[in-house]
Amino acid sequence: MHDTLPHLNKMNFPAIKRGDLDTLQINIGLKCNQQCVHCHVNSSPKRTEMMSVETLSLVKSFLIKNNIQTLDITGGAPELHPGFKDLVSYATENNVHVIDRCNLTILSEPGMGDLAQFLAKNEVEIVASLPCYEEKNVDQQRGKGVFEKSIFGLKQLNSLGYGKAETNLVLSLVYNPQGPVLPPAQDELEKAYKKELLQKYNIEFNQLFTICNMPIKRFGSTLISNNQLSDYMMLLKESYRSKNLENIMCRQLISVDWQGNVYDCDFNQMLGLNMQESDAPMHIAELINTNINGHSISVRDHCYGCTAGQGSSCSGALAS
Ligand code: SF4
Ligand code: SF4
């Protein structure tokens, strides 16, 4: 299902090209135990799409043949895929660093009792959304009861050593604004998060990433319904900073959907915007033996969401 929002023109966004590929991001399935307002993949408990065994096998080959440094696993809730643990184990055995985009509430879902221990044992980096340190705001954006469950998940991770300076277990939190505004400065907000979570809940974490809400999928539709879309697009464009182009994630990452089709990034995947502006998506099987360094990246208006203000991508503000 691809986004058909009318605002995503090929406007003036600068042409960008790929550098060396070091990260393979895969969307392993669209099923999620949550249904958040801002979700750009429209995930929910009702979605059933999942990466096949054959495609998972191609992902494993791709990691090795292309000397991939980082496997970034997203969803939905990626841990709901029955092949999640096998893939993580394979990657870590082959010295590929693994990132799990974890929504925290999954850690307390039925049948997930050993998940946190498994992640710790494999030294999986956890990147988890927590759009605020206030219960009311989190529940409003992500659903009733999500904050309490998230705190429970964070405590579980801390008890295993996640987020502690003396371990290799990295726990990063992700902040995105509640509505059509830019996120505040990452450094300042990180200090506030660290102070509040430590004082109120005795929770520690390593770093906070701030990201812009992308004007696509569920959030894009909400903007249209509220007649806020053109103002938000204007804000993103007016907040463009060219230096953010240097560190934009699509230069060293490709994003694979649950069917094995490959895109320049997760957002382009959701839009069905193919690599190199081709009419049909490329499949991971076709790319295993291809060097894509120097290839053009397909851009549209939504890319201003990556270059606005401090800039943002899957790994937070970009400014160095
Ligand atoms: S937890 Fe993540 S994948 Fe699941 S609905 Fe929320 S934003 Fe989407
Ligand atoms: S949305 Fe961001 S990461 Fe994706 S192609 Fe555009 S600039 Fe690159």
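Note: hydrogens, waters and symmetry copies are ignored here, and every other heavy atom, side chains too, is used. This chain uses plain numbering: 1 for the first residue, then up along the sequence.
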Minimum side-chain heavy-atom gap [X]-[Y] below 4.5 Å:
X	Y	answer
L160	Q117	yes
L273	H302	yes
L21	I68	yes

Any pair with a residue in residues 58-71 that passes side chain to side chain donor-acceptor pair (under 3.5 Å), sequence neighbours left out, goes on the list, sorted by first then second residue, please. K60-D86
Which pairs, with at least one residue in residues 280-290 and sequence neighbours excluded, count as a side chain to side chain donor-acceptor pair (under 3.5 Å)? none
If you look at every heavy atom in S43 and L30, which pair is closest and at what distance?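 It is OG-O, 2.9 Å.
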For V124 versus Y162, what's the shortest heavy-atom pair and its separation?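 Answer, listing the atom of V124 first, then Y162: O-OH, 2.5 Å.
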Can Q276 and S296 be said to form a side-chain hydrogen bond (donor to acceptor under 3.5 Å, both in side chains), step by step? CA-CA 6 Å; Q276 299 209 286; S296 300; 5.0 Å; no
Any salt bridge (Lys or Arg N to Asp or Glu O under 4.0 Å) involving [range]? Give me the pairs, sequence neighbours left out, ordered by first then second residue.
range	result
residues 226-236	none
residues 156-178	K164-E204
residues 105-131	K85-D114, E109-K149

Could you see if V170 belongs to whatever hydrophobic cluster contains V174? Use Ile, Leu, Val, Met, Phe, Trp, Tyr and a side-chain cutoff under 4.5 Å.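 V170 and V174: separate clusters.
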May I ask whether L229 and V181 are part of the same hydrophobic cluster, defined by side-chain heavy atoms of I, L, V, M, F, W, Y residues being less than 4.5 angstrom apart, directly or through others?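 In one cluster: no.
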Non-neighbouring partners of [X] that pass salt bridge (Lys or Arg N to Asp or Glu O under 4.0 Å), sequence neighbours left out:
X	answer
R18	D264
K191	E188
E196	K200
D100	none

Going by the rule ring-ring contact (aromatic ring centres under 6.0 Å, His included), which residues pair with [X] if we only count those two or more places apart in sequence or in a different chain?
X	value
Y90	none
Y193	Y133
Y232	F219

S44 vs Q35, side-chain hydrogen bond (donor to acceptor under 3.5 Å, both in side chains): CA-CA, chis, key distance, verdict: CA-CA 5 Å; S44 78; Q35 189 168 346; 4.5 Å; no
State, without any angle test, whether [X] and [Y] hold a side-chain donor-acceptor pair at a distance under 3.5 Å.
X	Y	value
T92	N122	yes
Q207	S172	yes
T222	S225	no

Checking side-chain hydrogen bond (donor to acceptor under 3.5 Å, both in side chains) for the pair N274/S298: CA distance, chi angles, key distance, verdict? CA-CA 7 Å; N274 297 321; S298 300; over 6 Å; no
Answer with yes or no after comparing the ring centroid distance for Y201 and F147 against a 6.0 Å cut-off, counting only values under it.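 Centroid separation for Y201 and F147: below 6.0 Å.
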Is D72 reaching over with its side chain to a backbone N or O of Q25, donor-acceptor style, under 3.5 angstrom?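 Not confirmed, D72 side chain does not pair with Q25 backbone.
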